[in-house]
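Order of listing sets the numbers, starting from 1, for every ligand and every atom in it. Both backbone and side-chain heavy atoms feed into the values below; hydrogens, waters and symmetry mates do not.
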Amino acid sequence: MGTGTAGTAEGGGRERPIVIVGASLGGAKAAEALRAAGHQGGIVLIGEEHERPYERPPLSKGYLLGTTPREKIYVHPPQWYGENDITLRLGTSVVAIDPAGHTVTLADDGQVAYAKLLLTTGSVPRRLPVPGEEQDGVLYLRRAEDSERIKAVLRPGARIAVIGAGWIGLEVAAAARAAGAEVTVLEAAELPLLRVLGREVAQVFADLHRDHGVDLRFGVQVTELTGTGGTVSGVRLGDGTTVAADAVVVGIGISPATGLAAAAGLEVDNGVKTDQHLRTSDPDVYAAGDAANAFHPLFGKHIRVEHWANAVNQPQTAARAMLGQPDAVYDRVPYFFSDQYDLGMEYVGYVEPGGYDRVVFRGDPATREFIALWLADGRVLAGMNVNVWDVTDPIRELIVSKRVVAADRLADPNVPFGDA
Ligand SMILES: Cc1cc2nc3c(=O)[nH]c(=O)nc-3n(C[C@H](O)[C@H](O)[C@H](O)COP(=O)(O)OP(=O)(O)OC[C@H]3O[C@@H](n4cnc5c(N)ncnc54)[C@H](O)[C@@H]3O)c2cc1C
């Protein structure tokens, strides 16, 4: 059973396949979900990277630390694609979409016809807009080879400057300290992760890194990367001082990869805009993962989520929607995790910067074994468990219920979340 009509480009004469652009976590999960949902027609998974789909979280954790071997990062074993009749085209960029003709154009000029198209094009690191950024030793982290380049400079005594105290910057700082490097983290805001976590919880991460010997500098502006002979040697700051560095790792956020969608006339606004079925402004084109700015029924607005769980789960909804199942709606509460030193955490929920009026702690944040809950108008918007496990489900239920809770009961470890 296919979903399409006869093809005109590659594969002419056969039913048109479902084509997925972006062969990473989201793309591979979509292919898996299509087969799980019973789709027997063609599936073509196209990706510009040369590696088969792999997971990125280890790139700033176990793979960077050297504790997770290469074979553990892949989404599926190599034979899985053949066994599931998925045409995997690696090292292949899609350069254009023709929504009217239902084709995508490849960099080598070939075309692939589609019945339905899924964009899982992900995101790309933001470049640091200062002079000297193009020098050797200035490193970004998105791909496996980026992680390998960073790993190569994390040596005992090496001076590593990390620009940006977001999740990537902090995880790299932790890996660099584990390797014995001297680490300076430079951040424009007053605390790490301030926009995501707010002041109360951001402080926990500042203390964590200071306790592990990281030189944290907040409220600084990077004006230039200095160097000699094309190799970086330091970071110049707005106050005229320079932080000497053997390598600079930049983690200042990502931008959704929307160029293809925009050029094809699809609606784009902070990602490829979709409805709750993950369908874009073209009825035969869908988007999922980091690239998608999807309408979320629980929050009543479009949100774009740059996390692993979203790239695992959204493709399942998109797959079912592409197969014509009208009840395929994406309404999961966002979830993510991080590991730094001996701190492991999970976060569930969604809070816009400054969008809460109170943080309730269950446990003492100074012990780094606690749960934080962000509230607005007495309702729980999000929760984060730090070195405490198996609480995500009840916290998620509180968020979804949108009911007003008693803050003192929420803080009491003897009261189940459901009774708070
Ligand atoms: C170092 C690192 C650590 C992370 N750690 C965590 C974590 O701890 N917890 C967490 O929740 N999340 C984490 N994330 C985020 C998580 O990895 C992403 O949310 C997830 O990878 C998104 O998957 P995706 O498939 O949507 O996009 P991506 O993983 O970005 O993949 C998109 C793919 O599409 C390809 N592509 C783009 N355009 C084209 C084109 N025109 N033609 C062909 N191919 C194209 C790209 O090359 C890429 O391979 C981390 C990310 C990074 C980089």
Side-chain angles (χ1 to χ4, degrees), residues 19-31 44-65 68 73 75 88-97 104-108 112 117-126 139-151 164 166-172 174-175 196 249-251 253-264 271-272 278 287-294 304-315 318 334-340 343-348:
V19 172
I20 304 167
V21 181
S24 178
L25 181 59
K29 285 291 168 188
V44 182
L45 177 55
I46 307 171
E48 66 195 3
E49 291 188 69
H50 293 271
E51 287 293 326
R52 74 179 188 276
Y54 60 89
E55 311 234 3
R56 300 187 199 274
L59 305 185
S60 53
K61 306 179 187 66
Y63 191 60
L64 186 59
L65 286 159
T68 301
I73 69 172
V75 183
L88 182 59
R89 301 192 56 166
L90 298 175
T92 305
S93 295
V94 170
V95 293
I97 304 166
V104 296
T105 302
L106 309 178
D108 66 5
V112 182
L117 178 67
L118 175 64
L119 300 175
T120 47
T121 47
S123 50
V124 288
R126 273 191 219 128
L139 304 166
Y140 292 81
L141 179 51
R142 188 75 197 168
R143 296 183 170 186
E145 59 265 30
D146 299 331
S147 179
E148 283 154 18
R149 267 185 224 115
I150 295 173
K151 189 171 190 306
W167 296 113
I168 299 286
L170 295 182
E171 289 178 4
V172 169
V196 200
V249 180
V250 182
I254 55 178
S255 306
T258 56
L260 265 185
V272 184
L278 302 173
D290 277 18
N293 186 11
R304 191 172 64 76
V305 179
E306 304 168 346
H307 293 301
W308 176 90
N310 186 67
V312 168
N313 294 316
Q314 273 192 343
Y335 163 92
F336 66 88
F337 56 90
S338 179
D339 294 311
Q340 297 165 34
L343 183 152
M345 58 74 72
E346 297 174 289
Y347 178 107
V348 63

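Interatomic distance, I254 CD1 to R142 CZ, rounded to the nearest 0.5 Å: 5.0 Å. To the nearest 0.5 Å, atoms CD1 (I73) and CG (L25) are separated by 12.0 Å. Here CG of L139 is found 7.5 Å from CZ of R149. Values are rounded to the nearest 0.5 Å. Remark: L45 CG to T120 OG1 distance equals 7.0 Å, nearest 0.5 Å. Atom NE2 in H50 sits 8.0 Å away from atom OG1 in T92 (nearest 0.5 Å). For the atom pair CG (D146) and NZ (K151), the distance works out to 15.0 Å, reported to the nearest 0.5 Å.
In this structure, F337 and W308 have perpendicular ring planes: the angle between them is above 60°, well past the 30° mark.
Atom 37 (C) of ligand 1 has T121 O, 3.2 Å as its closest protein atom, hydrogens excluded (heavy atom only). Among protein heavy atoms, atom 47 (O) of ligand 1 sits closest to E48 OE2, 2.8 Å. Among protein heavy atoms, atom 25 (O) of ligand 1 sits closest to G26 N, 2.8 Å. Closest protein heavy atom to atom 27 (O) of ligand 1: G122 CA, 3.1 Å. From the protein, the heavy atom lying nearest to atom 15 (C) of ligand 1 is E306 O, 3.7 Å. Atom 30 (O) of ligand 1 has R142 NH2, 2.8 Å as its closest protein atom, hydrogens excluded (heavy atom only). Looking from atom 16 (C) of ligand 1 to the surrounding protein, the closest heavy atom is W308 N, 3.8 Å. Of the protein's non-hydrogen atoms, P57 CA, 3.6 Å is the one closest to atom 4 (C) of ligand 1.
Considering backbone and side-chain atoms together, S24 places an N or O closer than 3.5 Å to an N or O of ligand 1. At a 3.5 angstrom cut-off on N or O pairs, F337 counts as close to ligand 1. Of the polar atoms of L59, none of the N or O atoms is found under 3.5 Å from an N or O of ligand 1, judged by distance alone. Polar contact with ligand 1: present for D290 (N/O pair, distance under 3.5 Å). For ligand 1, the polar-atom distance check against K61 finds a nitrogen or oxygen pair separated by under 3.5 Å.
Salt-bridge formation is detected for the pair E48/R143: a Lys NZ or Arg NE/NH1/NH2 atom is positioned less than 4.0 Å from an Asp or Glu carboxylate oxygen. Looking at R126 and E306, no side-chain N of the basic residue comes within less than 4.0 Å of a carboxylate O on the acidic one, giving no salt bridge.
Those atoms of ligand 1 that come under 4.0 Å of a heavy atom in E49, given as number and element, are 47 (O), 48 (C), 49 (O). Residue contact check: I168 has heavy atoms under 4.0 Å from atoms 1 (C), 2 (C), 3 (C), 52 (C) of ligand 1. Within the listing of ligand 1, atoms 25 (O) sit less than 4.0 angstrom from a heavy atom of L25. Residue A311 has at least one heavy-atom neighbour below 4.0 Å for each of these atoms of ligand 1: 22 (C), 23 (O). Distances below 4.0 Å separate heavy atoms of G47 from the following atoms of ligand 1: 43 (C), 44 (N). Listed by number with element, the atoms of ligand 1 under 4.0 Å from a non-hydrogen atom of T92 are 43 (C). Here is the list of ligand 1 atoms found below 4.0 Å of a heavy atom in G289: 26 (O). Near L141, meaning under 4.0 Å from any of its heavy atoms, are these atoms of ligand 1: 1 (C), 53 (C).
Of the listed residues (A28, A257, G22), the one carrying the non-hydrogen atom nearest atom 34 (O) of ligand 1 is G22. The heavy atom nearest to atom 52 (C) of ligand 1, considering only R56, E346, K29, H50, is found in R56. Nearest-heavy-atom check against atom 42 (N) of ligand 1 across V124, V305, D146, V94 picks out V94.
For the pair A291 and ligand 1, no heavy-atom separation below 4.0 Å is found. Remark: distances from the non-hydrogen atoms of E55 to ligand 1 are all 4.0 Å or more.
Contacts between L260 and ligand 1 below 4.0 angstrom, taking non-hydrogen atoms only, involve the side chain exclusively.
Judged by distance alone, the side chain of Q314 and the main-chain N or O of G289 form a donor-acceptor pair under 3.5 Å. Using modelled atom types, no side-chain atom of R304 and backbone atom of A291 make a donor-acceptor pair closer than 3.5 Å.
Cation-pi geometry between R56 and Y54 is met: under 6.0 angstrom from the ring centre, within 45 degrees of the axis.
Residues E51 and L90 form no side-chain contact, since every pair of their non-hydrogen atoms from C-beta on lies 4.5 Å or further apart. Considering only heavy atoms from C-beta on, D290 stays 4.5 Å or farther from P256 through its side chain. The side-chain heavy atoms of L119 and I97, taken from C-beta on, include a pair separated by under 4.5 Å.
Among S60, S338, P57, the one residue that satisfies the side chain to side chain contact (heavy atoms under 4.5 Å, CB included) test with W167 is S338.
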